[in-house]
Structure formats: C-alpha cells, structure tokens
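Structure first, then comments.
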Amino acid sequence: MREAGVNLVSLGIFSWALLEPEEGRYEFGWLDEVMDLLHANGIAVDLANASASPPPWFTVRYPDSAPVDADGVRQTHGSRQAFAACSPDYRRAAAALTTAIAERYAQHPALAMWHVHNEYGCHNQPDFGPHAERAFREWLGRRYESLEALNDAWGTAFWSQHYYDWSEIMPPRRSGAHVNPSQQLDFARFSSDALLECFEAEAAIIRARSDKPVTTNFMGHGMGLHAPVDYWRWAQSMDLVSNDHYLIAEDPRNHQDLALVADLTRGWADNSPWLLMEHSTSAVNWQPRNIAKAPGQMLRNSFQHLARGADGILFFQWRASRAGAEKYHSGMVPHAGRDTKVWREVVELGAALEKASELAGSRVVAPAALVFDTDARWGAELDSHPSVEAQPVRELREWHDALYRAGITTDLRQSTDDLSSYRLVVAPMLYAVTADGAANLRRYVEGGGTLLLSYFSGIVDEHDRIIMDPVEGGGYPGAFRELLGVEIEEFFPLRAGEAVALTAGSGARWSELGRPTTAEVISRYEAGPTAGSPAMTRNLAGEGHAYYVGTAPDEEALRSLLPRVFADAGLERPAHSSEFPDLEVVTRSSGEASWIVAINHGEADARLDVDGTELLSGTPTHGELTVPAGGVVVVRLSSEATPVAEPLA
Ligand code: GLA
C-alpha cells in the first residue's frame, strides 16, 4: 500500500459475521490489528459499521427479517444483504453492532471517516414483506392524512380500487394486470425512505460518539442501473457524498457514461467535492462479458472522476480474492501479483494523484445544467406507457452526450433548484413535475435563461395524474404548454428502429401531432401521420428562450438545432471540441487558482491551447500542450489564462 501511495482504506464493510459470532458477543481482535497496522503505516481508515449483511445465524433466528419479493417469495442468506429494511429485529441488531463498533473505534487514531452500510438498496429492494406492508400504511397515513386524499391522489375510481380502510392497502405486489401507477410511485418513495431511516438511525449512533464525517456509498454505477434510492434526498443526510462507479465494459462510449455519473454525483453533493468510493482497476465479474481494462484506461477513468469533482479515488478491492462470488473481480493486487500491468498502473496512479493533490477542495466550473428529478425518472419508468422506448435515463444520457461532444461541461440539478447561474438548462424527459418545479423553470427562462425540454416532459403531477383541465383538457404538455408555445394533441411513438424525417435530419422513437401557438418552428415532421406538426421549436418568454424537442433527434437534426440554442444561451463551444472530439476537458477552480484536466480518449494525439504548468510532468506549457493518445494532463492555469469554461458572473 505504501508503494502505491494508498492513504485511505475502507474497512470491514461485509464483516458482521466475523465481528459478532453470536448475538451480543463481539470479536474485535482482528480488526484492532488491521486498524493498528494501517495507522502504523500512515494510512487512514474509512471504517464500516458493517450493517450491510447480517450473518446466517441472524436470519435463522429471525426468519421474518429477510426480504420478500413481489411474488411473495422470501429470500434467505447465502449471498449478501438479506434483510428487510422495516424489520424491527434487523434495526435493533444493526443498532447494537453500530454502537459496539462506534464505541470501540471512535478514538482510534487511524479513523478518518465512517462508512455506514453498503450501497443501500442493492440486492434486497424493494421488500414487499409484512414489515414493509405495515410501514407503508404508516408512511401513507403521514403523507395523505385521510383515505379520501389517498383515493384522489391514486385515482382509485378507476378499476374499482377505492379504499375504505387503511388495512386494505398493500405494497404493489403481483396482481393480474398493471398495478396502480400512483401506488407504485409512492411505494418507491416509501422504500427509499425506509432505508434512509436505517441510515439515519445508524449515523445518529455514530455521530453521538464521533466527530468524523459519515457517509454511505451511493450506487450510481452505469446509468442503465436501476437505483431504488432517491439520492437527491439522501445526499442531505451525508457529511460528504461518496459514489461507486463501474464501467459498462462493452459500451463503446462508457467514458461518457462515467462523465455523466460523475456529474450526477457532483449534483448530489451540491457541487462540493465528493469521493469515488469504488471503481475497478480492471474487469468486474457481474457483466455478461467482463472485459479487462486496456492499458491506460484505469488512469483515464480515475482522472475523469477527479476532473468532475472527486477529491479521492478508491477501489473495490485491495486484493483480488481467492474464493467467493467476486474472485474474478479485479483488485489493486491481482491474482498474478505485483509484476503485472494492474499493479504498475496502481502505483502510477498513486504518484499521479499525489502530483494533482492541489486540486483538492476546488469546484468544477460548468456553464450548463441538465435537470434530472427522481420522481420524473421513477414516473417515466412505470409500465403501461405510450412506448417502452421512452426511457428517461437514455434521454438523459443522449442529451448529456450531445453537450459532452460539444465540449460543454454540465452540472446535474433538480427542477426546483436555483438555476440562475446557468447559461443553458436542458431537461430531458421531465415526465413528472411539481407546480413548484414548473414555476421555477418558467422563472429561469423569464429571467433570461435558455431552457430545452424534450418529449414526454411536464405530462403528469407528483401523483402521476395528467396535468390538464379536467373538463376542457388543453393539450400536452400541461405543465409547459404556455412556456413552450406549443400544444400537442396526440403522441405517435415510432416502431422499433423506425426513423421519421424532419426538416433537417430525422427523429427516432417518438413523434407527435400538434401545433405551435406562439413558438417559432425550427423543424417539422416531414412524413407519416404527424407530417407538418412541429418537431423542434423555440419560444420567447420574458427575457429568455424555451426550446422544445418532440423526438429523439439524430446528429443532423442536432446540428440544425444546437448552434441556435448555444447562440441564445451565449455559450461558445471550446475550439478543441470540434478539432479533437475525443478530448475531454474540464475546468476546476478554487477562486484563486484554476486547473484544467484533459483526458484523451482517442487514438491520435490532441493539441490544447493552454497556458500554465502541467502538474504530472511538472513542466510549463508555453501556450500549447500535446495530450498524447490515451493520455491525461492536469494544468494549473497561469493567472492570465481564461478558463476553458467560463461561469456566469
Ligand atoms: C459494489 C459493491 C462491492 C462489490 C462491487 C463489485 O459496488 O459495493 O462490494 O460487490 O460492487 O463491482
């Protein structure tokens, strides 16, 4: 570890069974030894409270503490995380363990921070068992106060679902047809809150005994992954935000997916520095084909996270294990030992991070933001919708990619956040929106902002009810019709693989029948049943502009749109973005100093006009720098140099 420059170790995460061999009897000897050894070598510890995986004796003694799936099948121990969040026995046992660990190690000199649990919601969510049933009813009682309000919010007049007594309400277990969508949405919120209660209870035990920061590792890995936890809400309970990210090995643009997840993590952290708690040195074990990382790829991945706001880079795991379900998962020390590509790169990374350490504490500079609300995501992912192709995460990723390719760094925000510092805000598939969120976006535009909304946005309220006048109707999108100056009367999702011709380029997945009211039409559907309807529009509102895109535009369609959007927003594409499309450049700034981190994902060397000192080589750039193919540079900008991305004043 000293050779690799390791200065922080996450410890004890899945050690419950070793720490508590029988209920109430603890064995800390081995952990004392590891803590002391790390400390003796100048390495700090991110200590787990080990509550993530109860031991087999626990499930045997308390069988109803295991989670139950939607079909009523109870899981058991044998893998990990076999517990139900609302089981009183689980909560009591986790609290007792947390108390014992916090009391023993709060004053240990190696202790730097606390790692509560592990990836909440992984493997055991949602739980549909009896404890969840009881707690869901209590949660609903607090949310709605009366059954009348619940029946109204859930639209239970439909399909004979009216509830007359709280005891009739169930978690959305398997039923013959689509389960009530508002019920599903509330159950997702409840399940996230139930886990958050577990975190809060354990964090409170720790905080009463220790002043070190408390976190839990979020699970933002790979945007395709379903995260059953509302991280925006959770982030507020963290002393610092930490995230795990794993590349989807077979995705040819997985570095852009990484960039998006890092941007999202920074959003959860409210733009404060965050910690990459886990990534892999090379292959993982849980994808269909676990492709190892190419030489240099792990360093690029690490510096992408750093560029986008991470102040520390950790890995799962130190040594690749000899046994168990993850033995084919890479580690910092591979099975083959230290005379290896992986170990040499781990040592190289340690040295490079040391040289870049002055970036710690600085903030990422982003002139644009993407809006990504949990409710909008969970709502859009419900069943019985116009098209299975309308997937909010894919839309988010594609719009992030469009800006990434244009060299524009984006923050991730919620619809209710203050957006006034951004030149451009893109809200992809903001399906569900509250009245507050819609008003905030309107205020942003009227105050001079440039907003782009994509299709299937502003359709429903927080209960998944169509936003419309109950008698007159009024056309989609109810929340943004006026702001956008368009009225949509009918969705025309496309067939799989089908493209619809636009005035320039084409659209995929979705089209619409509608008309502009006050908007200027940039592009129309040219063929099919929606021919003549607007596909891309621009509307003036107050001092700003609201754009609408009613389809998934291809590259040519984007080319006909984005220059106008950027011009209205006063955003300039950095020069390198068209010349070197594989060069990722991000600015961090402390107020006094600014740095750029540039990562070349391409196979050809790239040139960057930049004046300052390159920190990894320690050499001045004299106005120009070559970023070698596959390489990484970090430049402290000279005080006269203009940062690549300039924020609004
Ligand atoms: C997650 C878990 C780790 C490990 C890795 C494997 O992030 O937190 O324990 O299983 O996945 O990629």
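Whatever order the structure lists them in is the order used to number ligands and atoms, beginning at 1. Basis for what follows: all heavy atoms, side chains included, without hydrogens, waters or symmetry-related copies.
Checking S362 against W595 by side-chain atom types alone, no donor-acceptor pair falls below 3.5 Å. Side-chain contact, W57 with E20: no donor N or O sits under 3.5 Å from an acceptor N or O. Under the 3.5 Å distance criterion, with hydrogens and angles disregarded, no donor-acceptor pair is assigned to the side chains of D375 and Y431.
Considering only non-hydrogen protein atoms, atom 6 (C) of ligand 1 sits nearest to H329 NE2, 3.1 Å. The single protein non-hydrogen atom nearest to atom 7 (O) of ligand 1 is E278 OE1, 2.4 Å, given as residue, atom name and distance. The protein heavy-atom contact nearest to atom 10 (O) of ligand 1 is E326 OE2, 2.3 Å. Looking at atom 5 (C) of ligand 1, its nearest protein heavy atom turns out to be Y246 OH, 3.5 Å.
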Would you be so kind as to tabulate the donor-acceptor pairs closer than 3.5 Å made by side chains of residues 212-219, with sequence neighbours excluded?
from	atom 1	to	atom 2	distance (Å)
T215	OG1	L240	O	2.7
T215	OG1	S242	OG	3.1
T216	OG1	V116	O	2.7
N217	OD1	E119	N	3.0
N217	ND2	N118	OD1	2.7
N217	ND2	D244	OD2	2.8
N217	ND2	E278	OE2	3.3

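Contacts with ligand 1 closer than 4.0 Å are made by side-chain heavy atoms of N118 only, the backbone lying farther away.
The side-chain contact (heavy atoms from CB on, under 4.5 Å) with R308 is formed by just one residue from the set T409, L264, T265, T410; it is T409.
For N285, no nitrogen or oxygen atom sits less than 3.5 Å from a nitrogen or oxygen atom of ligand 1, counting backbone and side chain alike.
Every atom of ligand 1 with a heavy atom of F14 under 4.0 Å away is listed here by number and element: 9 (O). Residue D244 approaches ligand 1 through these ligand atoms, each under 4.0 Å from one of its heavy atoms: 7 (O), 8 (O).
Under the 4.0 Å criterion applied to side-chain N and carboxylate O atoms, D373 and R413 are not assigned as salt-bridge partners.
Residue-ligand proximity: R80 is placed with a non-hydrogen atom under 4.0 Å from ligand 1.
For the atom pair Q304 CD and H279 NE2, the distance stands at 10.5 Å (nearest 0.5 Å).
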